[in-house]
Q: 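Structure in structure tokens, see below.
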Amino acid sequence: MTEEVYIDAQCPVCSSFIRLGMEDADPALNCLVCGGTYDLAGHLCPNCLRYHEESASNCSNCGSVLSRICSNCQYTNWSGSEICTNCGQRTDIFVSLTSSAQRSTVSRLSKQMEAAKDLKLEEESSSKKRMAELMAIEEARQEELRQRLERQKIQERQLLTIVIGSVLVFLIILVVIALISTFN
């Protein structure tokens, strides 16, 4: 004779504890205190026994998985169901865990890809900003060089004017001396 295992579930309305046999085929919760009847399949967490008003994929209290996806028809079943309510196939917990791990891996990789895209955009923005700064520095350097060359041209023109003026004065002096010496 096997001993029946019981769990104490909490009524979602009056919070009274109700003893349920784990072998009960009826997936309903009948509270003797408030008289309420509640569907357990997909609503009662198998880990912490928290009742959820609507079907959920994970328990809001402890995070336990509340649903299994049938590997045959992809129907979502309650985690306590060992047979798919849609197609009648056995819902293998290992297949469920594997698909959950694959989904979490895909989710993790998607998040990493998004983070990589964000990082790439941030790097591009930083690179453009740095390039703009370098271009501004280069433009300032080029402007300073242009101004220096302009000053140098002005100085060269002044020097050329002085040299030409000096040569003209020298030539005038030579012409004057030559004229004076021819008249003497």
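Atoms considered below: every heavy atom in the structure, side chains included; atoms not considered: hydrogens, waters and symmetry mates.
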Q: Shortest non-hydrogen contact from Cys59 to Cys62?
A: SG-N, 3.4 Å
Q: Enumerate, atom names and distances included, each donor-acceptor pair closer than 3.5 Å involving a side-chain atom of residues 163-183, sequence neighbours excluded.
A:
{"unit_1": "Ser166", "atom_1": "OG", "unit_2": "Ile162", "atom_2": "O", "d": "2.8"}
{"unit_1": "Ser181", "atom_1": "OG", "unit_2": "Ile177", "atom_2": "O", "d": "3.1"}
{"unit_1": "Ser181", "atom_1": "OG", "unit_2": "Ala178", "atom_2": "O", "d": "3.0"}
{"unit_1": "Thr182", "atom_1": "OG1", "unit_2": "Ala178", "atom_2": "O", "d": "3.0"}
{"unit_1": "Thr182", "atom_1": "OG1", "unit_2": "Leu179", "atom_2": "O", "d": "2.7"}

Q: Just to verify, what does Arg130 make a salt bridge (Lys or Arg N to Asp or Glu O under 4.0 Å) with, not counting sequence neighbours?
A: Glu133
Q: Strictly below 4.0 Å, N to O, side chains only: are Arg146 and Glu150 in salt-bridge contact?
A: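 Here Arg146 does not pair with Glu150 in a salt bridge, since their nearest N and O are not under 4.0 Å apart.
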Q: Does Asp118 reach the side chain of Glu122, with side-chain heavy atoms less than 4.5 Å apart?
A: no
Q: side-chain contact (heavy atoms from CB on, under 4.5 Å), that's the test. Do Gln158 and Ile154 meet it? Break it down for me.
A: CA-CA 6 Å; Gln158 288 173 346; Ile154 290 170; 3.9 Å; yes
Q: Got a salt bridge between Glu138 and Arg141, using NZ or NE/NH1/NH2 to carboxylate O under 4.0 Å?
A: yes
Q: Glu114 versus Lys117: any side-chain heavy-atom pair under 4.5 Å?
A: yes
Q: Who are the side chain to side chain contact (heavy atoms under 4.5 Å, CB included) partners of Glu124, not counting sequence neighbours?
A: Lys120, Leu121
Q: Atom OG in Ser110, atom CD in Gln112: separation rounded to 0.5 Å?
A: 9.5 Å
Q: Just to verify, which of Gln142, Gln147, Arg148 counts as forming a side chain to side chain donor-acceptor pair (under 3.5 Å) with Glu144?
A: Arg148
